[in-house]
Amino acid sequence: SGSNFSTITVCRELHEMGFHVSHSQITRLYSRFTSLDKGENGTLSREDFQRIPELAINPLGDRIINAFFPEGEDQVNFRGFMRTLAHFRPIEDNEKNKDPTASEPLNSRTNKLLFAFQLYDLDRDDKISRDELLQVLRMMVGVNISDEQLGSIADRTIQEADQNGDNSISFNEFIKVLEKVDVEQKMSIRFLH
């Protein structure tokens, strides 16, 4: 393949970002990446991602796929692919108490939550409005629930989360709501293992 891929370089870069991964994991993901790369040009398009059955059936599949692409770009290379995937990797116990001055790993709880928050924050203004919440709820439940019911779910969610009374949910408010939720269990993507 024409890509200038090097396991060692990618490994080193990811380690610097606080994402500890073995050569065999990278090699496995690289073969996964190349099998998705139908154009064989070292990058993936949105269409390539849509061929992954687990994303195709996930109601938030398109939002997750978007997260792989920097704004305004329509291709992602292997490094970008790995960087986004890093958020989904479970945290190993031995990573939890390592050097406190090191940068926070991409798969830390905070970064996982930030990733989830961004799936809801459609206009990227760092808060989730009632309208954004409604849109995501609609994506998730399909047409089985009336707008009225969805509206009251959205209102109740915002009521519970909104601490400063601006009728939207900031990232800090989002973290508080999810304090008790096991993010580890809910945010690992099975198709990569």
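Since this is a predicted model, take the numbers as computed values, not measurements.
The CD1 atom of Ile52 sits 4.5 Å away from atom CG of Leu36, with the distance rounded to the nearest 0.5 Å. Between Ile158 atom CD1 and Ile169 atom CD1 the span is 5.0 Å, to the nearest 0.5 Å. The line from CZ of Phe78 to CD1 of Ile26 is 6.0 Å long, rounded to the nearest 0.5 Å. Taking CD1 from Ile128 and CG from Leu134, the interatomic distance works out to 12.5 Å, rounded to the nearest 0.5 Å. Between the CG atom of Asp155 and the CG atom of Asp162 there is a distance of 11.5 Å, given to the nearest 0.5 Å. Between Met139 atom CE and Leu60 atom CG the span is 6.5 Å, to the nearest 0.5 Å.
The shortest heavy-atom contact between Leu29 and Met82 is CD1-SD, 3.6 Å. Between Leu122 and Val136, the shortest heavy-atom contact is CD2-CG2, 4.4 Å. Across Thr84 and Phe115, no two heavy atoms sit closer than the pair CG2-CE1, 3.8 Å. Heavy atoms only, all atoms of each residue included: Leu44 and Phe33 are closest at CG-CE1, 3.4 Å. Across all non-hydrogen atoms, the minimal contact from Ser35 to Arg32 is OG-O, 2.8 Å.
For the residue pair Ser45 / Glu47, a side-chain donor-acceptor distance below 3.5 Å is found, with atom types taken as modelled. A donor-acceptor contact closer than 3.5 angstrom links the side chains of Thr43 and Asn41. Checked by atom type, the side-chain pair Asp131/Ser129 shows no donor-acceptor distance below 3.5 Å. Side chains of Asn66 and Arg46: a donor on one and an acceptor on the other come within 3.5 Å.
A tilted orientation is assigned to the rings of Phe49 and Phe68, their planes being inclined by 30° to 60°.
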Requested in this report: Could you walk me through whether Arg63 and Asn58 pass side chain to side chain contact (heavy atoms under 4.5 Å, CB included), step by step?
Outcome: CA-CA 10 Å; Arg63 302 283 313 141; Asn58 186 321; over 6 Å; no
Report task. Check step by step if side chain to side chain contact (heavy atoms under 4.5 Å, CB included) holds for Gln118 and Leu114. Result -> CA-CA 6 Å; Gln118 287 165 345; Leu114 183 58; 3.8 Å; yes
Query raised in the report: Stepwise, does the side-chain hydrogen bond (donor to acceptor under 3.5 Å, both in side chains) test hold for Asp166 with Ser168?
Result: CA-CA 6 Å; Asp166 68 351; Ser168 59; 3.1 Å; yes
**Report entry** Intermediate values then yes/no, side chain to side chain contact (heavy atoms under 4.5 Å, CB included), Asp147 and Arg138
**Finding:** CA-CA 8 Å; Asp147 283 341; Arg138 163 72 57 231; 2.3 Å; yes
Report task. Evaluate the criterion ring-ring contact (aromatic ring centres under 6.0 Å, His included) for residue pair Phe171 and Tyr120; output intermediate values, then yes/no. Result -> CA-CA 11 Å; Phe171 181 53; Tyr120 286 87; over 10 Å; no
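Gln50 places no side-chain N or O within donor-acceptor distance of the main-chain N or O of Leu55, the cut-off being under 3.5 Å. Judged by distance alone, with hydrogens and angles left aside, the side-chain atoms of Asp37 form a donor-acceptor pair with the main-chain N or O of Gly42 at under 3.5 Å. Looking only at distances, no side-chain donor or acceptor of Glu160 sits under 3.5 Å from a matching main-chain atom of Thr157.
In this structure, Glu132 does not pair ionically with Lys127, as no charged nitrogen and carboxylate oxygen lie closer than 4.0 Å.
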